[in-house]
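Only one structure is covered here, and it is reproduced in the block below.
In listed order, ligands and their atoms are each counted from 1.
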Amino acid sequence: MQRILLVEDEPPIVSAVRERLEREGFAVLVAQSGEAALALIDPPSPDLLLVDVGLPGIDGFELLRRVRARGLDIPVIMLTARGDEIDRVVGLELGADDYVVKPFSLRELVARVRALLRRAVEVAELRARLATPQPSTPAALQIDPARRQASLHGIALPLRPREFDLLAFLARHPGQVFSREALLRQVWGQSEYLDARTVDVHVRRLRAHLAAADPAAAAMLQTEWGVGYRLVEAQD
Ligand code: CA
């Protein structure tokens, strides 16, 4: 269940927003001051903050500043007074992700909450993907996409353009098996009408090139029977 921290000092707004968000399936925490909110934001942090600008003690802006100063990347929606353009600009500059203007419709608020949470999930997934180390290509094999040259142990392989494309594609996904159809799509493109055996022919030629540079290297280009082909690290 996603947790939302509502920082708001006006009881009618607190109860209306809390009730609606709970009905929508969120868990709602409430803080009636910025100071109280600060005690609730450390990890495991809420998934989203709804922050009223006008609070007793430190105001919503100062709270937002402190949240960001702690390096917390929680999505924040500011609740601003009607027509207060300055509040909106300041809030966004301080790192608010969105704002709603009082009096706001609960439906509008929920829509913005959902949109921001969706975006936060996407960003988190993207970060995780970027942080995952990409598997390295087989070390002995060097691919230079700019010059369209491949070499094995420093020996240039005299590849035809499609042979190079096929090798470069497999080398970008070391250890991963691709069907002949997938390779046709990825390497030759969908526009050409080609038989899957085209892939077999190119694989055979590639193996011959690899073997010419290093007899053991032909085994790098493996056949997974009934499935397809993969390129693996050369075994010593
Ligand atoms: Ca207030």
- Of all N, O or S atoms in Glu10, which has the smallest distance to the Ca ion (ligand 1)? OE2
- Evaluate the side-chain proximity of Val100 to Ser105: yes if any heavy-atom separation is below 4.5 Å, no if none is. no
- Message: Taking atom CZ as the centre, does Arg107 end up with more than 12 heavy-atom neighbours from other residues, nucleotides or ligands that are less than 6.0 angstrom away?
- Response: no
- What is the OD1(Asp9)-the Ca ion (ligand 1)-OD2(Asp52) angle, to the nearest 10 degrees? 90°
Show me the donor-acceptor pairs within less than 3.5 Å that the side chains of residues 3-12 make with the rest of the protein, sequence neighbours left out.
| unit_1 | atom_1 | unit_2 | atom_2 | d |
| --- | --- | --- | --- | --- |
| Arg3 | NH1 | Pro44 | O | 3.2 |
| Arg3 | NH1 | Ser45 | O | 3.3 |
| Glu8 | OE1 | Lys102 | NZ | 3.0 |
| Glu8 | OE2 | Glu10 | N | 3.0 |
| Glu10 | OE2 | Lys102 | NZ | 3.2 |

Side-chain donor-acceptor pairs under 3.5 Å in residues 113-123, sequence neighbours left out?
| unit_1 | atom_1 | unit_2 | atom_2 | d |
| --- | --- | --- | --- | --- |
| Arg114 | NH2 | Glu24 | O | 3.2 |
| Arg114 | NH2 | Glu24 | OE1 | 2.9 |
| Arg119 | NH2 | Asp97 | OD1 | 3.4 |

- Task: Tell me, please, if Leu79 has any N/O/S atom, main chain or side chain, under 3.0 Å from the Ca ion (ligand 1)?
- Result: no
